[in-house]
2 protein chains.
Amino acid sequence: MSPRVSLCDVPSVSAAPASWLDTIIKGDCVAALEALPAHSVDVIFADPPYNLQLGGDLMRPDQSMVNAVDDHWDQFASFEAYDAFTRAWLLACRRVLKPNGTIWVIGSYHNIFRVGSSLQDIGYWLLNDIVWRKTNPMPNFRGRRFQNAHETMIWASRDQNAKGYTFNYEALKAANDDVQMRSDWLFPICTGGERLKGDDGKKVHPTQKPEALLARILMASSKPGDVILDPFFGSGTTGAVARRLGRHFVGIEREQEYIDAARARIDAVEPLGKAELTVMTGKRAEPRVAFNVLMESGHIKPGEVLHDARRRHKAIVRADGTIFANGQAGSIHKIGALVQGFDACNGWTFWHTDRSEGLKPIDDLRSIVRADMARAS
Amino acid sequence: MSPRVSLCDVPSVSAAPASWLDTIIKGDCVAALEALPAHSVDVIFADPPYNLQLGGDLMRPDQSMVNAVDDHWDQFASFEAYDAFTRAWLLACRRVLKPNGTIWVIGSYHNIFRVGSSLQDIGYWLLNDIVWRKTNPMPNFRGRRFQNAHETMIWASRDQNAKGYTFNYEALKAANDDVQMRSDWLFPICTGGERLKGDDGKKVHPTQKPEALLARILMASSKPGDVILDPFFGSGTTGAVARRLGRHFVGIEREQEYIDAARARIDAVEPLGKAELTVMTGKRAEPRVAFNVLMESGHIKPGEVLHDARRRHKAIVRADGTIFANGQAGSIHKIGALVQGFDACNGWTFWHTDRSEGLKPIDDLRSIVRADMARAS
DNA sequence: CGTCGTGTTGAATCTTTAG
DNA sequence: TCTAAAGATTCAACACGAC
């Protein structure tokens, strides 16, 4: 845990393990990075402040308050200030990165465009942007925007012409039902037993990342024995996953509270054996097809009339993806319930198209769309 | 199709349709934008050059050549040159945008970070970043990166404090099986019969966007009759979808070949009828009905007791249109908040009448009054 | 031991109108 | 251009107690 190590330009294939390996360095990330040897790190994962720029409090519809990220470390005076901060830590990271090393940075639309531009300006070479799709994101409570259901990660090499960075293409493909791993990943946010909580039962860190996300990142872009650096260590997810996967880690963190929690967490991790390190991960099911998908894919057209199985009721499809009957518009479920006088209805089985083959439930069309999607992917 | 129209600052509610509506303007996009009146456009969709920075030709494993986007319009000498270009057209767009207008920009990791930063620097306010997940993306042939399976769109308002931009939240939600629309969208890329092809059988435009994508964008963020501008019109997907959905369009394009293809394509589009285009709206769009109107119309009488849904609280209606509980009188909202100990409350859904049918929210009475008003008018 | 109902929560740039 | 008031708004998990 001593940040003061002798500077050396050896590409870190030294025999004796460095003293800063598998430790958490307390302090400012730029200063700590500058005390590390150059070209000593294989992969960097960085989860910097997002610069959320929140206004006042936000209330849920039930009048409970949303626990906002309003910590002091997320406050920046301007885009210029945030850019200066971003450039500083990205430059310091680039110095400690091996020539064939890569960096991952995660962010939201508040900051990721600043980060991406800075990466390019500094000389990093973008390899991919990866979308983390959340299975269970927070809703948009006011109904004035789309639900913010993803975050973006940028994967970049140190230089445009960097050769030989690690990318375990074959392993990823094998783990992904023998098709290459895409740039959109589906994971739940970190909740339940994985989420670190203090004695008061409250979450230790406001933005703890799920281990599954880090596991895929490290399995994809590093090898056992590699050195993984996280300049915004927080609750230590990067360290915990690195240790479990047989990688070395270096964390940098300013807050003692986070350091203590991270160290205890990492100490409790049982590293996997060599055999188990081969491969993991897999595809998550995602069969949901909403009614608008049927329209957008051309299987149902605006103006078409839908019937129930006995032709007692009918409804007209509109371009916005709602259907119209009895003077009211709404979802296939709502209108299905309305015309029957019920509280609820499964519109997929209730409503039918009436074409040359006769009445067919619209659920049949959904099956076709699902088959198309499966064949295409 | 005359780019030279007289400059006017009228907010475009002029009686006679402007001559540039539903036309394709030939020329440089910044010059053409500067010839349009200020504050005249509701929604902009822009698909700018991606600045792809491709090195040499890309070969598939079978040594066939990938038909990369290497047109001259996609060549920029440096990030600085691309940024200057980006700022210029984004500034010109901002001038023609109505105060409550919004802009969509689509891009890939090559350019979207430059675009997003420029949007923020210029003063646009980011509303969402939307991920277009492709069901059938091009594979990564080299196996050195993740399959690039998505593109990113940024949705932004003209200013941070812009009020009243169009977002058809309720319709999107209804079409999405009654859950709010997320920021990750799944669509196939444009292929098959939809893809414009020349006499030689080759695709007319290298990056033709699918109509389904534009349809969701326009259904989400515009109304029938709105003006939709596309400064990089290309093969005219924006115009074709706008026409079909009953919106006006303005396209700007430099290449005569694209203009010809787009015009023929748009001319063949059959606009949908008014009924199919009606968008489902929620309570926000309903005329305001104050509580005292319920009393004046006899739907609620002074002295009646209101309850919350679980009969935990009650209040008495007074002749002046206030209600009384816990020793205080005030609006249905204020007293609803008071009895619950909250800062705010929607009294329309909180308070219920208790008559022969049991508890019913007073919002139901408001619906009846609205229906009466509609019938009378 | 389940099931059901209730309550809590997560990186959030989250309203509109009248006066 | 202010402020105050009206009024609109949530999805997937998890935890916990009751039964």
Side-chain angles (χ1 to χ4, degrees), chain A residues 47-71 73-76 79 82 106-112 132 134-152 188-195 197 201-203 205-210 232 234 288, chain B residues 100 120 124-129 155-157 160-165 167 169-170 173 176-183 281-292 310 330-334 336-337 343-351 362-363 366:
Chain A
D47 183 11
Y50 284 12
N51 188 23
L52 283 188
Q53 310 170 70
L54 301 177
D57 289 339
L58 178 64
M59 296 295 191
R60 294 186 166 86
D62 64 2
Q63 296 301 317
S64 65
M65 200 171 83
V66 175
N67 187 1
V69 176
D70 52 3
D71 305 69
W73 46 257
D74 198 40
Q75 309 296 324
F76 293 87
F79 286 131
Y82 187 78
I106 186 169
S108 67
Y109 67 87
H110 312 84
N111 72 321
I112 199 66
W132 167 27
K134 304 179 183 183
T135 58
N136 48 350
M138 191 184 293
N140 181 289
F141 294 113
R142 291 285 181 264
R144 295 298 295 142
R145 302 182 177 193
F146 297 95
Q147 181 184 30
N148 200 357
H150 74 277
E151 293 187 28
T152 301
I189 61 176
C190 184
T191 59
E194 188 186 323
R195 188 85 196 220
K197 301 205 177 75
K202 302 210 159 141
K203 58 189 177 192
H205 193 277
T207 70
Q208 184 179 340
K209 295 292 175 286
F232 305 96
R288 218 180 78 91
Chain B
N100 63 348
Q120 291 178 312
Y124 288 97
W125 190 245
L126 305 195
L127 296 170
N128 279 114
D129 60 334
W155 183 41
S157 62
Q160 174 171 359
N161 298 315
K163 301 291 179 206
Y165 59 86
F167 181 56
Y169 174 80
E170 289 83 7
K173 182 174 172 177
N176 194 40
D177 286 14
D178 291 323
V179 292
Q180 54 183 208
M181 187 68 76
R182 296 169 44 114
S183 56
T281 56
K283 290 182 187 171
R284 284 185 182 93
E286 297 291 323
R288 288 203 165 195
V289 173
F291 184 66
N292 62 345
R310 299 188 188 176
S331 71
I332 53 174
H333 312 293
K334 277 278 156 56
D343 287 338
C345 164
N346 184 342
W348 291 108
T349 50
F350 179 74
W351 294 110
I362 58 176
D363 206 27
R366 189 165 60 157

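All chains are named by letter (A, B, ...) in the order of the sequence lines, taking the proteins before the strands, and each is independently numbered beginning at 1. Bear in mind the structure is a predicted one, so any value in this text is a computation, not a measurement.
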Novice: What residues form a side-chain hydrogen bond (donor to acceptor under 3.5 Å, both in side chains) with A/E151, not counting sequence neighbours?
Specialist: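 Scan of A/E151 (side-chain hydrogen bond (donor to acceptor under 3.5 Å, both in side chains), adjacent residues dropped) gives A/Y50, A/K134.
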Novice: For A/N140, which residues count as a side-chain hydrogen bond (donor to acceptor under 3.5 Å, both in side chains) partner, sequence neighbours excluded?
Specialist: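 A/N140: no side-chain hydrogen bond (donor to acceptor under 3.5 Å, both in side chains) contacts found.
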Novice: Could you check whether A/N148 gets within reach of a base, just the sugar-phosphate, or nothing at all, counting any heavy atom under 4.0 Å?
Specialist: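 Here A/N148 touches the backbone only, sparing every base.
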Novice: Tell me whether the side-chain N/O atoms of B/Y124 come closer than 4.0 Å to OP1 or OP2 in C/dT13.
Specialist: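 Negative; the distance criterion is not met.
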Novice: With sequence neighbours excluded, tell me which residues meet side chain to side chain contact (heavy atoms under 4.5 Å, CB included) with A/C190.
Specialist: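 Only A/E194, A/R195, A/Q208, A/P210 meet the side chain to side chain contact (heavy atoms under 4.5 Å, CB included) criterion with A/C190.
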Novice: Of the options C/dT13, D/dT10, C/dT15, whose atoms approach the side-chain atoms of A/R142 most closely?
Specialist: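 Selected nucleotide (nearest to the side chain): C/dT15.
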Novice: So what does B/Q180 touch, heavy atoms closer than 4.0 Å: a base, only the sugar-phosphate, or nothing?
Specialist: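 Answer is sugar-phosphate: B/Q180 comes under 4.0 Å of backbone atoms only.
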Novice: Under 4.0 Å, heavy atoms only, any strand: does B/L126 hit a base, just the sugar-phosphate, or nothing?
Specialist: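 It contacts base atoms.
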Novice: Side chains of A/N148 and B/D129, heavy atoms from C-beta outward: is any pair under 4.5 Å?
Specialist: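 The answer is yes; the side chains approach within 4.5 Å.
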Novice: Could you state the atom-to-atom distance from CD of A/Q147 to C1' of D/dT10 in whole Å?
Specialist: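 Taking atom C1' of D/dT10 as the reference, CD of A/Q147 is at 8 Å.
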Novice: Got a donor-acceptor contact below 3.5 angstrom from the A/D74 side chain to the A/L52 backbone?
Specialist: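 Side chain of A/D74 to backbone of A/L52, a donor-acceptor pair under 3.5 Å: yes, one is there.
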Novice: Got a list of protein N/O to nucleotides 16-19 of chain C N/O distances below 3.5 Å?
Specialist:
unit_1, atom_1, unit_2, atom_2, d
C/dT16, OP1, A/R144, NE, 3.2
C/dT16, OP1, A/R144, NH2, 3.0

Novice: Could you tell me if B/N176 and A/R288 have a donor-acceptor pair between their side chains, going purely by distance under 3.5 Å?
Specialist: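 A/R288 vs B/N176: donor-acceptor pair found between side chains.
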Novice: Give the rounded distance in Å between these two atoms: CG of B/N161 and P of D/dT3.
Specialist: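 So the two atoms are 13 Å apart, to the nearest Å.
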Novice: Extract all donor-acceptor atom pairs below 3.5 Å that involve side chains of residues 53-62 of chain A and protein atoms in other chains or at least two apart in sequence.
Specialist:
unit_1, atom_1, unit_2, atom_2, d
A/Q53, NE2, A/N51, O, 3.4
A/R60, NH1, A/M65, O, 3.4
A/D62, OD1, A/S64, N, 3.0
A/D62, OD1, A/S64, OG, 2.8

Novice: With A/H205, which residues qualify under ring-ring contact (aromatic ring centres under 6.0 Å, His included), at least two apart?
Specialist: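 Expected list: A/Y258.
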Novice: With syn defined as a glycosidic angle within 90° of 0 and anti as everything else, classify C/dT13.
Specialist: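 In terms of base orientation relative to the sugar, C/dT13 is syn.
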Novice: Can the positive tip of A/R144 be found less than 6.0 Å from the middle of the six-membered ring of B/Y165, inside 45° of the ring normal?
Specialist: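 So A/R144 does make the cation-pi contact.
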Novice: With sequence neighbours left out, write down each residue that passes salt bridge (Lys or Arg N to Asp or Glu O under 4.0 Å) with B/K283, or none if nothing qualifies.
Specialist: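 For B/K283, the residues satisfying salt bridge (Lys or Arg N to Asp or Glu O under 4.0 Å) (neighbours in sequence not counted) are B/D363.
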Novice: Round to a whole Å and report the spacing from CG of B/N176 to P of D/dT10.
Specialist: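 Rounding to the nearest Å, CG of B/N176 and P of D/dT10 are 13 Å apart.
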Novice: Does the protein touch nucleotides 2-11 of chain C at the base, only the backbone, or not at all? Give it as B, S and - per nucleotide, heavy atoms under 4.0 Å.
Specialist: -----S-BBB
Novice: Which is true for B/A344 with a 4.0 Å heavy-atom rule: it touches a base, it touches only sugar-phosphate, or it touches nothing?
Specialist: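 Here B/A344 touches the bases of the nucleic acid.
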Novice: Between D/dA6 atom C1' and B/N346 atom CG, what is the distance in whole Å?
Specialist: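 Distance check: B/N346 CG to D/dA6 C1' gives 9 Å.
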Novice: What nucleic acid atoms does B/W348 come within less than 4.0 Å of, heavy atoms only: base, sugar-phosphate, or nothing?
Specialist: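 Answer is sugar-phosphate: B/W348 comes under 4.0 Å of backbone atoms only.
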Novice: Measuring only the C1' atom in each nucleotide, how far is C/dA12 from D/dA6? A whole number of Å is fine.
Specialist: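 It comes out at 23 Å once rounded to the nearest Å.
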Novice: When rounded to the nearest Å, what value does the distance between C1' atoms of D/dT10 and C/dT9 take?
Specialist: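 Going atom to atom, C1' in each nucleotide, I get 11 Å.
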Novice: Return the set of residues passing side chain to side chain contact (heavy atoms under 4.5 Å, CB included) with B/Y169 (not counting sequence neighbours), or none when no residue passes.
Specialist: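 If we apply the side chain to side chain contact (heavy atoms under 4.5 Å, CB included) test to B/Y169, skipping adjacent residues, the hits are B/F167, B/K173, B/Q180.
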Novice: Whether A/Y109 contacts C/dT13 is assessed here as follows: a side-chain N or O lying under 4.0 Å from the phosphate OP1 or OP2. Is that the case?
Specialist: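 Yes, within the criterion.
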Novice: Between B/H333 and D/dG7, is there a contact of a side-chain N or O with OP1 or OP2 at under 4.0 Å?
Specialist: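 Yes.
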Novice: Reckon B/K173 has a side-chain N or O less than 4.0 Å from the OP1 or OP2 of D/dT9?
Specialist: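 No, outside the criterion.
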Novice: Taking atom C1' of C/dT13 as reference, at what distance in whole Å does atom CH2 of B/W155 sit?
Specialist: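 So the CH2-C1' distance, B/W155 to C/dT13, works out to 13 Å.
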Novice: In whole angstrom, what separates B/R366's CZ from D/dA6's P?
Specialist: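 Whole-Å distance recorded here is 13 Å.
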Novice: Once you apply a heavy-atom cut-off of 4.0 Å, does B/G330 come out as touching a base, just sugar-phosphate, or nothing?
Specialist: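 Nothing, no heavy atom under 4.0 Å.
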Novice: The criterion is side-chain hydrogen bond (donor to acceptor under 3.5 Å, both in side chains); which residues satisfy it with A/N67, sequence neighbours excluded?
Specialist: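 For A/N67, no residue satisfies side-chain hydrogen bond (donor to acceptor under 3.5 Å, both in side chains) once neighbours in sequence are set aside.
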Novice: What nucleic acid atoms does B/S331 come within less than 4.0 Å of, heavy atoms only: base, sugar-phosphate, or nothing?
Specialist: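 If one applies the 4.0 Å heavy-atom cut-off, B/S331 turns out to touch the sugar-phosphate alone, with no base involved.
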Novice: Should stems be defined as at least three consecutive Watson-Crick or G-U pairs with both distances under 3.5 angstrom, which of them involve DNA chain C?
Specialist: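 Result, WC/G-U stems under 3.5 Å: C:2-10 with D:11-19, C:15-19 with D:2-6.
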Novice: Suppose we screen for side-chain hydrogen bond (donor to acceptor under 3.5 Å, both in side chains). Which residues come up paired with B/H333, at least two apart in sequence or across chains?
Specialist: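 Partners of B/H333 by the side-chain hydrogen bond (donor to acceptor under 3.5 Å, both in side chains) criterion come out as none, since no residue qualifies.
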Novice: Write down the distance separating the P atoms in D/dG7 and C/dT13, rounded off to the nearest Å.
Specialist: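 Roughly 27 Å separates the two P atoms.
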Novice: Using the P atoms only, state how far C/dG10 lies from D/dA8, rounded to an integer number of Å.
Specialist: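 Between the two P atoms, the distance is 29 Å.
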